[in-house]
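Remarks on the structure that follows.
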Amino acid sequence: MSDDRLGQHHHHQHDQAHQTFEPPKSLSATSHVKDFQEYQRMYKQSVGDPEAFWGQIAEQFHWESPPDGAFVNYNFDTRKGSIFIKWMEGAKTNIAYNMLDRNVKNGLGNKIAFYWEGNDPLDQGKITYSEMLESVCKFSNVLKSLGVKRGDRVAIYMPMIVELVVAMLACARIGAVHSIVFAGFSSESLSERIIDANCYAIVTADGVWRGSKLLNLKSIVDKALEICKEKGKPVNKCVVVRHLSPDEEEVTSEADKDVEDCPVAKRPCGKLKIGWQNGRDEWWHVLMSQASKDCAPEWLDAEDPLFMLYTSGSTGKPKGVLHTVAGYMLYSATTFKYVFDYQPDDVYWCTADVGWITGHSYVCYGPMGNGATGVIFEGTPFYPDAGRFWNVVEKYKVTKFYTAPTAIRSLMKFDDSFVTKYDRSSLKVLGTVGEPINPEAWLWYHRVVGQENCAIVDTFWQTETGGHVITPLPGATATKPGSATFPFFGIVPALLTDDGREITGPGEGYLVFKQPWPGIMRTVFGNHERFETTYFKKFPGYYCTGDGAKSDEDGYLWITGRIDDMVNVSGHLLSTAEVESALIEHDAVAEAASVSHPHNIKGECIYCFVTLKEGATFSDNLVVELKSMVRSKIGPFAQPDYIQNAPALPKTRSGKIMRRILRKVAVNDHELGDTSTLADESVIDTLFKLRPAEA
Ligand code: WT7
């Protein structure tokens, strides 16, 4: 963990710190939490008596049997032994049963679970809770017939289609652990995650259109499975959704002949070649047509694993964040209910991909846990044009909308008419997630998109937290642009100094949490020690987020960004180490260092310094090669914006790269602060001289 990130952030947020927006009156009248006093009262109970607070929430869910011991039991202090967190241990339940059967039994069978909006504006569908239940039962039986057993890991690498949610809930129904990998990761990243989780099977699709680009998902999966096999971890089964139009000549499978009831609209497969390995590969629709629609849920323990999801780690090796059944169910559903102020007639749309935690918690589990109607969107904000989001809002009369600051920043560059030509009068709550939102973007979202009638909720959380942890509540919290405001129920934040003292009153420090909430991760898959070291070692007794935060004179929290070597590119967290290890695989590169650099759309981007081997020369061509190296090793979203020549890197006498200095070079800031620990000061001048012209 680097020492030097606190206080390094220069946000313009304090220019506008005094601007406060009261919750919209229209919302406060009907919302679950009507004013700030009610929030404070509920908050107090939630942290003072978690069992009473969460126990009451748990009553709305189905439990096959109750907990057999303490409602919550934990150790947050490494000095007292191993870290553990358990909620409702011994209780038996099933999250898919709670998302589906329970809602159907409560009369929501004919309610739309999801509208599906394709990449092409004419491509659409919808599915009710009963239909969803039937599909999930069928796919549960498919998984069983392929040999998937309770506790097995199943990788999912899919586009934003209904089958993705069906696949995850089917895993949950039979007690298999889903491990979804965002379908923008490379073959190599996918294989690394499959191998680490030791997945038994994978579910994917032939391909998908994203904007005007056609992606061959199956060929990425084929390459990944090849690597898995070479490394002695073969995947037994690969189920493929036929999402694009079949083209007799392009496919090699026998099973292809049977495409009768395959739901295909305007999705040409172009020149896509679908490879096929008999025995391993199976078409989804073929297996589904043979599957029974009855499947009893597997009654799991509250603390059995539900899913794992990889997140970048500062060492470069991704961590399999593990969430368990009951706590995650309670937390995703409860945060959804309060933070979006869920009402039964809502149409809710979260634009995040299900491949990230935001999609897990707020496309699938949170909304379904409340019996909500959601939108699954396959496309991009810019296709066919920059009005697409608002077109979809108008089409489905979306009431609650959730997206990333990076999307807002890129859309606000266009003329406001892209927004205003669509009817947005249905909107009530507008959320953001993934990175700090700058006040300009916040204000544009509020004024132009929300017509000053909507509550804006800037939700801070992490893959590890399972759901929102610092967030306003729409009917109760007065907001300040750029502040994530106050803790959610059950969350006890603190700001710590470098030596671990709690800061009281206004100040800036490490953002930590003092006690567990139901949705907190339980371990890093296969590496509990790494879990303890990453989150609990630096400040014993606290969960450490890795972010810095400020508290202002009114107690509002302002997240200032990561204090470790992580970069948040468009809301996607990456470690500088993983970018560096991709770069040094190039023959010309001896050493590489990458740092975060401000970017006006992406929030942050990656700026790399490379030291070349003897005889190699730095050229535009090399820059192109290095960028594409990172794309292919990690994924397109990880591509660095800048790569600069660094004949030498600034290091301490012990050889540690001083990234603080590199971040200054990247922004051409000559105020370097203390450089006395540098082994050789002369490298700095050279670095400033070699900055690329465009940076
Ligand atoms: C990191 C977690 C949580 C879903 C998406 C990202 C940053 C997240 C905010 C926010 C400022 C934010 C933090 C955090 N972050 N939301 N509202 N304001 N920063 O999940 O990939 O696990 O990334 O994203 O730095 O630690 P993730």
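All figures in this text were calculated on a predicted structure; none of them were measured in a lab. Nothing fancy with the numbering, it's 1 onward along the sequence. One-based numbering, in listed order, for ligands and for the atoms of each.
Donor-acceptor pairing under 3.5 Å is lacking for the side chains of Ser31 and Ser28.
Partners of Arg409 under the side-chain hydrogen bond (donor to acceptor under 3.5 Å, both in side chains) rule, at least two apart in sequence or in another chain, are Glu435, Asn438. In this structure Arg530 satisfies the salt bridge (charged side-chain N to carboxylate O under 4.0 Å, His left out) test with no other residue, sequence neighbours excluded. Evaluation of the salt bridge (charged side-chain N to carboxylate O under 4.0 Å, His left out) rule for Lys602 yields Asp641 as partners, not counting sequence neighbours.
Protein residues having a heavy atom under 4.0 Å from any atom of ligand 1 are Ile357, Thr358, Val433, Gly434, Glu435, Pro436, Asp458, Thr459, Phe460, Trp461, Gln462, Thr463, Glu464, Asp547, Ile559, Arg562, Asn568, Leu573, listed by chain and number.
Contact check for Asn453 versus Pro24: no side-chain heavy atoms found under the 4.5 Å cut-off.
Lys400 forms no cation-pi arrangement with Phe340, by the criterion of a distance under 6.0 Å to the ring centre and an angle within 45° of the ring axis.
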